[in-house]
Structures are given as C-alpha cells and as structure tokens.
Amino acid sequence: MGEDDVILKFENVTKRFPGVLALDNVSFAIRKGEVHALVGENGAGKSTLIKIVTGVYQKTSGEVIFDGKPVHFLTPHEALRNGIAAIYQEFNLIPALTVAENIFMGHHFTRRNFIVDWGKMREEARKLMEFLDVDIDVDAQVRDLGVAKKQVVEIAKALSLNARVLIMDEPTATLAQKEIEGLFRIIRFLKGKGVTVIYISHRLEEIYEVCDRVTVLRDGRYVGTRNVKEIKVDEIIRMMVGREVVEKFPRVAHHAGEEVLRVENLTRHGVLENISFSVRKGEILGIAGMVGSGRTELLRAIYGLDPIDAGKIYVKGKEVHIHSPLEAINHGIALLPEERKTQGLVLLLSVLDNLGLPLLPSLSNRGFVDDKKLTAVAQDMVEHMNIKTPSLLQKTMYLSGGNQQKVVLGKWFARNCDIYLFDEPTRGIDVGAKIEIYHLMNKLIERGSTIVMVSSELPEILAMSDRILVMREGKVMGELTREEATKEAILQLALGRREEYARVE
Amino acid sequence: GQNLTIGLSFPSLSFAWFSFLEQAVKDKAAQLGGIDVISLEAENNVSKQISIIEDMIVKGVKGVLLVPIEVEAVIPAVEALNKANIPVVTVDRRIKEDAPVKVLCHVGADNTEGGRNAARYIVQKLTEKYGEPKGTVIELTGTPGAGPAIDRSAGFNEIIKQYPNITVKSQTANFRRDDGMKVMEDFIMSTPQIDAVFGANDEMILGAIQALQASGKFKVEDVITVGFDALPEALKLIEEGTLDATIEQFPGRQASTAFEVLVKFLREGVSPEKSVMLIEPKVITKDNLNEAEKSF
Amino acid sequence: MPVLSEENVPLVQRFFVFWDKVGILLAFLVVCVIFGMLNPVFFNPLNILNVIRQVSIIGVIAVGMTFVILLGGIDLSVGSVVAFAGIIAAGFQAKWGGNLFLSVVIPLLIGGGIGFMNGFVSTKGQLHPFIVTLGSMSIFRGATLLVAQGKPISGMSPAFRFIGAGMVGPIPFPVILFIGCVIVAGMVLKRTVFGRYIYAIGGNEEAALLSGIMVERYKIAAFTILGFLSGLSALILTSRLNSGELVAGQGYELDVIASVIIGGTSLMGGEGGVYGTLIGALLIGVVSNGLNLLGVQPYWQMIVKGLIVILAVLLDKLKRRFRTV
Amino acid sequence: MPVLSEENVPLVQRFFVFWDKVGILLAFLVVCVIFGMLNPVFFNPLNILNVIRQVSIIGVIAVGMTFVILLGGIDLSVGSVVAFAGIIAAGFQAKWGGNLFLSVVIPLLIGGGIGFMNGFVSTKGQLHPFIVTLGSMSIFRGATLLVAQGKPISGMSPAFRFIGAGMVGPIPFPVILFIGCVIVAGMVLKRTVFGRYIYAIGGNEEAALLSGIMVERYKIAAFTILGFLSGLSALILTSRLNSGELVAGQGYELDVIASVIIGGTSLMGGEGGVYGTLIGALLIGVVSNGLNLLGVQPYWQMIVKGLIVILAVLLDKLKRRFRTV
Ligand SMILES: Nc1ncnc2c1ncn2[C@@H]1O[C@H](COP(=O)(O)OP(=O)(O)OP(=O)(O)O)[C@@H](O)[C@H]1O
Ligand SMILES: Nc1ncnc2c1ncn2[C@@H]1O[C@H](COP(=O)(O)OP(=O)(O)OP(=O)(O)O)[C@@H](O)[C@H]1O
Ligand SMILES: [Mg+2]
Ligand SMILES: [Mg+2]
C-alpha cells in the first residue's frame, strides 16, 4: 500500500486515563475512500481512539498522521475544519432545538455570514430527510423524538458536514432494519464520492455489508487488520475475544405458567391506540416495530411514567393503577430505559452506587445502607456481566458505552422482579457479552420472572422471544408465535401489510 | 373638609430608628385629624426612593415628608415634586444645600455634630480615667458609603484626631448588631487594651457589648461605650450602667415638627418662619436619661 | 404516527398551546388589570411611561443577564458593576475634566471589561460563575468605595443628564434605550449565529462543543455583553441621580435574575428569550408601582410582592400540567 | 483491562489524586498559615474557637444548604427564615410568656415549615426553587417586620441565652451544635439510604425516578431540613445577640451558598459533601477574622475577600487541569 493512499495513520498511539490504559501503542492505517470497520469488545478503546482523532481527548503519546502530516487537534472545531466529522456513540443533540437546527448546528446557513437563513436550513434539512428516506418533521423539537429518530438526526448532521473522513461510532445500535438499510445506502453513496468512513459496530454481520477492511482492538491494543472478504465472523470474534465463542443465542425452552401481566385497550392519544396483550410467567414477549412505532411509549405507559387516557392493566389478575415508577416497582415491574446516559445511569456516581440504586431499601437496616452486602451484590454483578471497570468505585461516566449499558442491565438483574420491561437491552454490547446477557435472561425466566423485550435487532428478537408483538404507528399489528416468526413476517407487519400475517385472536 | 393625603418616604424599616420616626408621624397625623399618611420605605435603595416619590406624584399626594437616603441622589425626585407643585419637607437629612430645588423646610439633626459629640464625650471620659486624653478607641462605622456612616465618622474623627495620644481603630460593622458583635470579638483578640468603643448606631454598640461581656478579657464597665440613636434598648443599658452614652437625635420631635409645618402650609398656606430647623443632637448618659425622647 | 388534526384537539388543549406561547404575558396582564381596577391612575399613560422608565435601569441589565442565563450561567456582580462604572462616570463628569465622551465610553468599557474577566475566569478556570461573580461583587464594591474615597460624587453636566433624565418627544430616553436593547437582543438571539450558539451551548454544552462551536469564546462574549449593559445601566442611573452613589446597585442582582426567570428563561440554560425578560422586568416594576399607588403598608408590600412573584410564575407553569393532558 | 498499579503512576499525578481528595482543605490551610504568619494571635486557641463560634451561625444553615444544593436546588430565603424564626423566638422569650420550651420548639417548627413550603411549591409547581425562595425571602422579611412592628425584641432568659452564649467546658455551645450538625449530616449523606438518594437525584433526576425513588418527597425533605437548620441558626443568633433583630440574616444566603460551593459541592447537584462545606464556611470566617485582626481597611477588606474566595476555589480546581494530563 502506497503512502499516498493512506488518509489517516496511527503510530504508537497511547492514551492513559487515571487508573486505565485505554490505548496501548496502537498503530495502523486507514486508506483514502475505504469503509474501515473498527471492532473490539466493550472497553477495547474504539471510542477513545476516534475521540483522539477529533480532538475531544488528547493522546498521551504517539502520533496521528492525517493526509501525510502529523496532526494534534485540540478541539472538535479544528478537526471539523480539517474535514473530519464524527457521529459519537452518545447523542450530541440539543433537546430544546429543532431537528433542522440540530442538523446544521455549528455550520448554520447564513446570510452576510451572521444572519441565520432559516428557510434554507429547513429546506436543506428536509432534503436530507428525504435522502435518508425517513419521516421526521424538521421543525419538531429533538427532545420529543425517540432514540432511533435521534440517531437518524445524528446521521443527517454528520452528512450535512461534507466531511472527507466520517467516523460513525455505533450508528445502528438502535436502528431497525429499514433505517439500517437506508444508512448503508448512504455509506455506499459517500464511498462513491471518495469519502473515507470509519465504522464502529458490534453487529458484525453489518461489516460484511458495507466495509472493506476491518481492524480489531483488544484491551487497548491493536490486534490486526484484515480484508473483510478474507475473514470469517468467527475469526473476527476470536481476534476480539481471544478465544472461541460458540453458540450465539442460548435460548432454552420454557414452560409458560399463569398470566402475570395483561394490558387491555391501552390508549394514549396520539401515541398508543387500543393496545391489548398478555404475558405469562416464564415467557419472553418480544416487541418489534419500526422507528417511532410506539414501543418505548408502551413500556413507559405501563411503568407509570406517562399518563394513559384509557385502558386497563392487570398484574397477576388484579387490576392496577400505576402512577409512578415506585408503584410499578412495588407491583414487581422493572423498566430498563432505552437511553442509558439520560435515563439509566447517574453518571456522577460509581458503578457500585448505580448498581445498588434500586436495591437500597432491601440492602439497608433502619435506613442505614449495609455497605458489605451492597458491595457483595455489586461485585457479583460486575463479574457476571463482565463489566470492565478499574474498580467498583469508578464513576460510570468514565466507562465505555457498552459497559455503561451493562451497569444499567445489572441494576435490574440484581433486583428480583416479576416483570422486566427491557427497552433495547443489548444496545452497544459486544458479541461475547451479549451471550452472557442472554444467559442471564434465561436465568431470570427460570427464576419465575417474565420479560417483555423491545428490540430493534431482529435476530435477537427472533431468537429470544416466545411470542412477538409487532407494532406500527402506535397500534399492535399482529402477534407471531415462535414458529410463525421470521424476519420477513415481522417486516411485513411492521411496514403495514397486516392482512397477510395477522393472526385472528 | 376633605382628607389630606401626605406621603412619607424614608430609607428602610429595618432600622428601628425609622419606625419611631414613622410612628411619630402617624401619631401626629392622628392628633391633627383628617390626614391619610402613605408611608413607603425604599429598602435603602436610592433609585427605589425616587420611584416611590414618582409613584406618590402619580397618586396625587398633597405633600411629601422626605427622609432622603442620600443627600444628592434624591434631588431629581425633589425636582419632580417641584414641577408637580407638591411641597416637600425634608426630615433628618438635608439635601445638598446649593441644589437648585425648592424645599419648604428642613427639620433635622446633624449627624456630623452627633459624631463630634460622641468623640467629645469619649475624650472627656478618657481624661477622667488617665488624667490626660490617651488610650485606644474602637470605632465601629456604619455601612461603607452610606450617608450617615460617612457623616458620623467624619465628625467623630475630626475631634479625636486632635489628640495624638488617642489611637483609633476603625472597622465597619454595617450598622448591624451581629456584625458589631463579630467585629468586636476580633478586636478583642487583636487588641491588648481597649479603653473605649464608639458604635455609629446603637445596634452595633449593643452587639459589641455582648462581645465584651462574653470575652472574659474586658469588663464592660471598664470600657467606655458610646452608641448613637438612643433606642429604648440602649437607654435601658445606660440605666443599668452597662452602656455609658448614646446620641439622641429626637426622631419624634423632628418628625412631628416637620409634619406640622407641612400640614400648616397645606391647610393654611402658612410658610414656616425658618427654612431650616436644626435640632441639636444630645449626649444621653445616666445623668440625663429623662431627656431622651423614647421610653423603655 | 397518527397525528391529531386541528379539529381533534380539544378546545382546552388548544387554549393551553396558545398559552404556552403567551406565557407570563397573561399573568402580567392579569396583574395589570387588577391594579387598574383598584386604582384607575394606574393606566394613566404618564404612569405607564413612569413605570417603564423605573424599570429600565434593571431592565437593561436583565437583557444582558438573559444571555448569561441562557448559557446556564449567572452573574451576581452586576450591582457592583453598576456602582463602579457609575462612580467612574461621575468621576469623569465632576472631577476629572468633565469630558462627555470619556464619561460615557470609559464606564461602558469598564463594564464590558469586568464582564470579560468574569467570563474568562469562570470558563478558563472551570469555576461556576456563581462563585466567581460573588467574588467580583465584593471586589468591585470595595473598588467603588476606594475610588470615591467613601463619598458620593455629584454634579453632572446637562448633556450627560440627558441619558437618564432626557425626553424624546413624550418618551423618556431611558425607555428608548431599554426597548432598543430588548429589540436588538431579541434579533440577535433569534436570527444570528451567535444567538443560536447561545441556545445550543445552554441546551447541551458538550454537544455544542462536539459540533465545533467554540464554547468558551461565546460564554466570555455573553458575560462581556452583560457587563457592557451593566455599564449602560450605570450611566442611566448616575445620570438620573445626578450623582455617583456608593451604594448604587446593591441588591440589583436579585431583581435582575428574577426578571429573567419570571420571563420564562430557564436557569438550567437553553430555553427562554429576551421578550419574556421584558415582561418579567415590567411585572416586577408594575407590582411595586401598583402597591405604591394603592398606598399599601411597607410590611405588607414585601409579603404581597413575594406572593405575586410566586403566583405569577405558577400561573405560567400551570400550562405544563395541561400540555400533556 | 490493564489497570495501572500504584508504581506506574507518575509522582505528580499521584500528588494530584491526593489533592483531589483533600481539595479545598489545602487552600484553607494555606490561607490560615499566611494569616498566622502575619499575626500570631490568629493561632491563639481562643481565637480559633472564636472563629468557629462566629462561623457556626452561617455554618449550621450551610449544612442544610448542602442537602438542597446536592439535589440541584437552591434556597435564597434562609436569611429571612433566620429573621422570622428569630423574632418569634424572641417574642416567646420576651413578650409572650417566656416559656423556654416554646421559644425553642416553635421557631424550629416554623423554620421546618417554611422549608417544607418552599420544597412543596417548587416540586409540585415545577418551579425553579430560585424563584420560589426569592418570593419567600420577601414574604418572610415582611412577616418579620410585621410581627416585630418595626422594633427589635430583646431580653432573653439566661437558660435561652445558653444556646448561643453558653460554654461546655472550654468549648462554646454553638460550636458543639455546629460540629454536631456536620457530623450527623455527614453520616446521613454517607451511610443512609436517604443520603444516597440525595446524590442520585442530584446526579440524574430522571434516572433516579426510573429507579423507583420518590424524587419529590426527598426534595421536599431536603428543603425541610434546611428550614429546620435555619431555625436552629436563628436560635443561636437570637440567643447570642440577646435580641430578635429585624435585619438578622440579611445577606446570609450568599455567605451560605458560597460556603457550600467553596466546599466543593456542585451547583449542578450530585457532587460534594458536608465536610467540604465545613471547610468552606471556615474559610469565609477565617478570611474575615484574619483581615480584622490585621486591621485591614473596610474597602480593602472587600477587595481582598473577593480575591481570596476566587483564588481558593481556583487553587482547588487547578487539580482538574492535571488530572487528565
Ligand atoms: N474519560 C475517561 N476516564 C477514564 N477512563 C475512561 C474514560 N473514557 C474511557 N475510559 C476507559 O477507557 C477504556 C476504553 O473505553 P472506550 O470508550 O474507548 O471503549 P469502546 O471500545 O468504545 O467500548 P464500547 O464498545 O463499550 O463503547 C475503558 O476501559 C473505559 O473505561
Ligand atoms: N414527548 C413527546 N412528545 C411528542 N411526541 C413524542 C414524545 N415522545 C415520543 N414521541 C413520539 O411518539 C412516537 C413513538 O415513539 P417511541 O419512542 O415510543 O417509539 P419506539 O417504537 O420506541 O421507537 P424508537 O426506536 O424511536 O424508540 C415517536 O414518533 C416519537 O417521536
Ligand atoms: Mg465506545
Ligand atoms: Mg424506543
């Protein structure tokens, strides 16, 4: 490979955080115009590496060579000016502002260089939405969007920059099939225009669809770079984990018991319409649907976070009226929210405190926390879920995205509940850890709990659910049994072709 | 006849001295009969006082009794009163003398002279004690920048400076009792010998007395203590022998005289004989307690 | 997603959507109408101009404070800046040669300079502006006393007095300055890149940074603007009082911040605007004026003022309850 | 994941990790040593007890304010609560029968009650506590004047005077109350469920809510504690001054909040603690005492105080710069 093909080159890049060596002498190169995948377990150092490129973090030592010259960006501003843009793993949107403005934040269309040209901005935003083939109102406030739509806005924002190098850190973690296909279309389009794309994902199958080469990091160290065409998934996984990982979905058969949760005609004007379903003990109910189909809203309504306009909820046969999460918890219901940073974690607190949060009342004695018990429970969770953290006392804000997600999961796994509502539970979690989590879910079922799982990852929902509910525009379009469920069947329902697959109840 | 509406604007209700003044006005009004008094305080804020007077003009008061927060800053409000043909009498503090505005009359005491009187009293007492004017005097000054604080301190120092053997240590205690106590506590730590304390108002000297009593280092009786304003509480301590003296400025007499002048002008069109009536500030000690205006 | 069409929206809700836009304005009008009914003088045009003029001193600062609070910051030093810039203005008028140009420009520059320092120290030092400006509040109160040597400075020239006491036709000049500031600031916030960045930074500082916005620079700029406007307020005040006062501006910070918050700008940053601040400042002014006109006793004034402020914002926030009905 | 062992950490960095824990304490000690060198009286045990006693009035409130600020709230009404509870205590002592029990218990209950109201209105009404407590600041200042009819109330019984002026051995009783509050609050924050919830809510209210914490209840509780401690401070102050003062507590809010922030508690909530507040309050007290001992002029005191506050927190924050080197 000739030097002039290379656009970005890492030479012995090292990054040290207090107590953590996040990157250890990483050296590799990225070629002009390629789509380069970057993979590795949670905490391997992927996000850190890209943040060093874009000037969010400063490297401890080593060299980043961009376009043949060593660069050292001190702020994202400098990186952007040099044509390097990124979609970060966590959202970087401004909730109170509109979609259009968020897309062009930092590079507003202007007249005379300082007057904002609103018309042009909305027009261009609308064009981007069309290009992405999604239905998002460019005048809506970002705070009113679900996670997936926010992700789409992030993508639009990155596209609007006309960057030479575009970095995407897990852009598809919450996207459903249709949106993912849209994204791939765009990546190919960009590639055609000569843009270099660095693509980070834990969904390895995606790499085969769009990427040319793949680089693997493990524990902050460079493992290797391969042509995607010449390497099998198993081999990538082996490079990532350092050992063989065999079964992908460790699903065991369950015996469904009595009914534990029944929802009848649940309605929330404008969001949910006449939703009815029931789940039995020992079951996993999957909920599938497109972006914005109302799945999150459904879980929130059950959990007492949003007021409902009509409908009834029964827990173990008794009608309940839930107005707050505490009431839900008292009825044995737990919700794992979809946005870990804003809803799942107290970032300022340690891993220990976060894991303990829902447990404190049961781990205390006359109001005093029993720290020994708490530490034991938390330690147990960290080991079970393989949470990578220098210590239990590390603040969760310093964990990698996937490890943060594991803490959110662990928080609820540690507490004994009858009904778990999981919203995108494995978002951002690496392959190896996912299997651990599926094992844990199985354990919960064995323990006699019930799981309702919203997921945009079709293989996961297909493999883990006993039954699958498909939603569209706030309505239940149909229910599929394990036998009926296929990728095609779900997509048909989710896209609105009810007649073919709907089951008469 | 028709009820007369008179506005009273004064700096702040948080200082008891002004509530005596206000009360005196109200008593006088009740005595004269047929008068509504609208009294408004300005939270010690000059621009608020101007707003208040503007509001009084809009409301249509017939006359204004004014206790200015600052001698200069209130002039625009007096200008506005002049323009609206509303007579104004100033009480306690006089607006700047050469200001191009009309004031019907000024009734007041002289804070600078009060400060001088306090200093003279202390000098006399020190002379009695040591046979010559010498010793260490603590001066607790009022809120920095506030008019009365400036004047009282100026008068006090003008006299004290004439005696080179008297050392003055000054610190502000913001006209507050808690600050008076705190600052005094610190003086007690830093000063080996304290002969006298002057507080530019009674609140501060009362706080200082608390500090002296609690110190164990000094006995209040051995320290010459002088306050200012002759509040009932101060008078009571003078009676008990804890406080030596306070300066009386007769707020009640000031207020009722001024009010009478104003009402007379409004009702009978009679201008006062003198345009300035000064009431001599008086040193109140155990010997002339009965001359104090307020009872305790 | 099924979007409700206009006809489907219940009337109540449509009302509250409307309210959402009008916000505190309604509460303000309610207060005005009540005062007007209790005392008709209240609606006298002279009184109305009177109130706006009274408000302008606080209001001009509140316009600047809106920028800072939109960024999620706060500034407690504004009162001291008013005193310091005021004493300097008075000094140039009455002591140091009486040059009109200097006595206008220098105080504005000093105000801007102090604002810059506040912004610089808090952003570069990563200190919360609350503590930095608490420090400068004390520093510049002391500096005021030091410069003036403990005595107010008076005697302004007629030209200088125009700033605070002049009239343009029937309109007091301070009113023109104040309303002018509101309009310009409104335009800046809504239409310029600078304004949009203010919202972005206040809404999510990290996101703004990652979007390539030079966060620190804009923060410092906002504090500088506030300092500058505090300087302007000092000019109005000094000119109105015909004197540089040492206790000027004491306690202004609370009135100013209250105006901004009552006007609906969030102390967390990112939401609000300067028109709300206009209403907020007017509300505070009107309550004080109305109670004075009614001749309410001072003790009761404090109590009633406190209650009205709380009730007004409560009324404004009630809408939230209904918005998600 | 490679965890760095102790030996690998560079010495400088280890120093700053240490500093991180000690925080403002170091800055505080530096200030103390400087004052001690300038005037040896400063380190006289009597003076040290003197300072702590002076600080206890602000300090007791600051302990309560730590709870509220940890939750991301703020309370401006504490000064007025001190005045109101103080005048009530004085009233029960000197006017309404002199019952010791009532004159202690009623002010505490009133303080707690006002705190409860502040918390209730701001959580249920979804108003920022800044504006709610700005309102109650005005309301209870007015109420104080109303109750006292404009005159301080004095003449406390010896038993009541023990609260503020008594000694237990060589230690002033207020010092014991203050340090007691710090220790209890420290335990509550560190060891109880309630304390942990405070941090969780302050760190991320939504996450706390989703974890099943009754956010509103704890917020109201924190305001109630603060109100109660303001009532305690009022007892100490009234008892020490031997009088219920009208201007009592004016401006306390700023000193109290400054103590908490200087002590390292974040105004954004979720970070900090009450031991920091202890140091913060002591720092403010020591600066004032030290400057008084040196006989620094009032103007310069203001300037120097402002500078020291800024420099101390700056010194404390410098560590951040180094932590991520
Ligand atoms: N600001 C920080 N302070 C301390 N440690 C950090 C910080 N940021 C990241 N780390 C640590 O650095 C390591 C690498 O994190 P990074 O976020 O790069 O992982 P990642 O490969 O992106 O993982 P994931 O797939 O979970 O997102 C992790 O162990 C993480 O805990
Ligand atoms: N507070 C809100 N105000 C207005 N609209 C909202 C609000 N919250 C959500 N919505 C809209 O309601 C719809 C349902 O969103 P929801 O998040 O439940 O969908 P979802 O199926 O979970 O999809 P996602 O994958 O985006 O989370 C979306 O179109 C979303 O934009
Ligand atoms: Mg990552
Ligand atoms: Mg969702």
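Chain A is the first sequence line, chain B the second, and so forth, proteins listed ahead of strands; every chain is numbered from 1.
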Do you know which of [options] has the most heavy-atom pairs with chain B at a distance under 4.5 angstrom?
options: C/L241, C/V296, C/T238; answer: C/L241
options: C/S154, C/G155, C/G164; answer: C/S154
options: C/N289, C/N44, C/V41; answer: C/N289
options: C/L145, C/I57, C/L291; answer: C/L145

Counting heavy-atom pairs closer than 4.5 Å to chain C, which one of [options] comes out on top?
options: B/K48, B/E22, B/E70, B/K96; result: B/E70
options: B/V58, B/T143, B/V37; result: B/V58
options: B/E41, B/E54, B/M56; result: B/E54

Checking heavy atoms, do the side chain of [X], its backbone, both or neither come under 4.5 Å from chain B?
X: C/V51; answer: neither
X: C/N292; answer: both
X: C/Y252; answer: side chain
X: C/L46; answer: neither
X: C/R141; answer: neither

**Step-by-step side-chain contact (heavy atoms from CB on, under 4.5 Å) determination, B/N45 to C/V247** = CA-CA 8 Å; B/N45 178 332; C/V247 287; over 6 Å; no
State the [atom1]-[atom2] distance between [X] and [Y], to the nearest 0.5 angstrom.
X: C/M302; Y: B/E43; atom1: CE; atom2: CD; value: 5.0 Å
X: C/Q301; Y: B/L13; atom1: CD; atom2: CG; value: 10.5 Å
X: B/E72; Y: C/S243; atom1: CD; atom2: OG; value: 5.0 Å
X: C/N50; Y: B/S51; atom1: CG; atom2: OG; value: 7.5 Å

**Request:** Look at B/E79 together with C/R240 and state whether they make a salt bridge at an N to O cut-off of under 4.0 Å.
**Result:** no
**Request:** Verify the neighbour count for atom NZ of C/K95: are there more than 12 heavy atoms of other residues, nucleotides or ligands below 6.0 Å?
**Result:** yes
**Message:** Looking at C/F92, I want to see if its CZ is surrounded by more than 12 non-hydrogen atoms of other residues, nucleotides or ligands under 6.0 Å.
**Reply:**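 Count over threshold, so yes.
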**Message:** Measuring only between side-chain heavy atoms, which start at C-beta, is B/P144 closer than 4.5 Å to C/L246?
**Reply:**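 Heavy-atom side-chain distance check fails, nothing below 4.5 Å.
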Heavy-atom closest contact ([X] atom, [Y] atom, distance):
X: C/G150; Y: B/I150; result: O-CD1, 2.8 Å
X: B/D55; Y: C/S288; result: OD2-O, 4.3 Å
X: C/G295; Y: B/K59; result: N-CE, 4.5 Å

**Prompt:** Measuring heavy-atom distances to chain C, does B/I52 have an atom under 4.5 Å in its side chain, in its backbone, in both, or in neither?
**Reply:** both
**Prompt:** Non-hydrogen atoms of chain C under 4.5 Å away: do they reach the side chain of B/I75, the backbone, both or neither?
**Reply:**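 B/I75 has no heavy atom closer than 4.5 Å to chain C.
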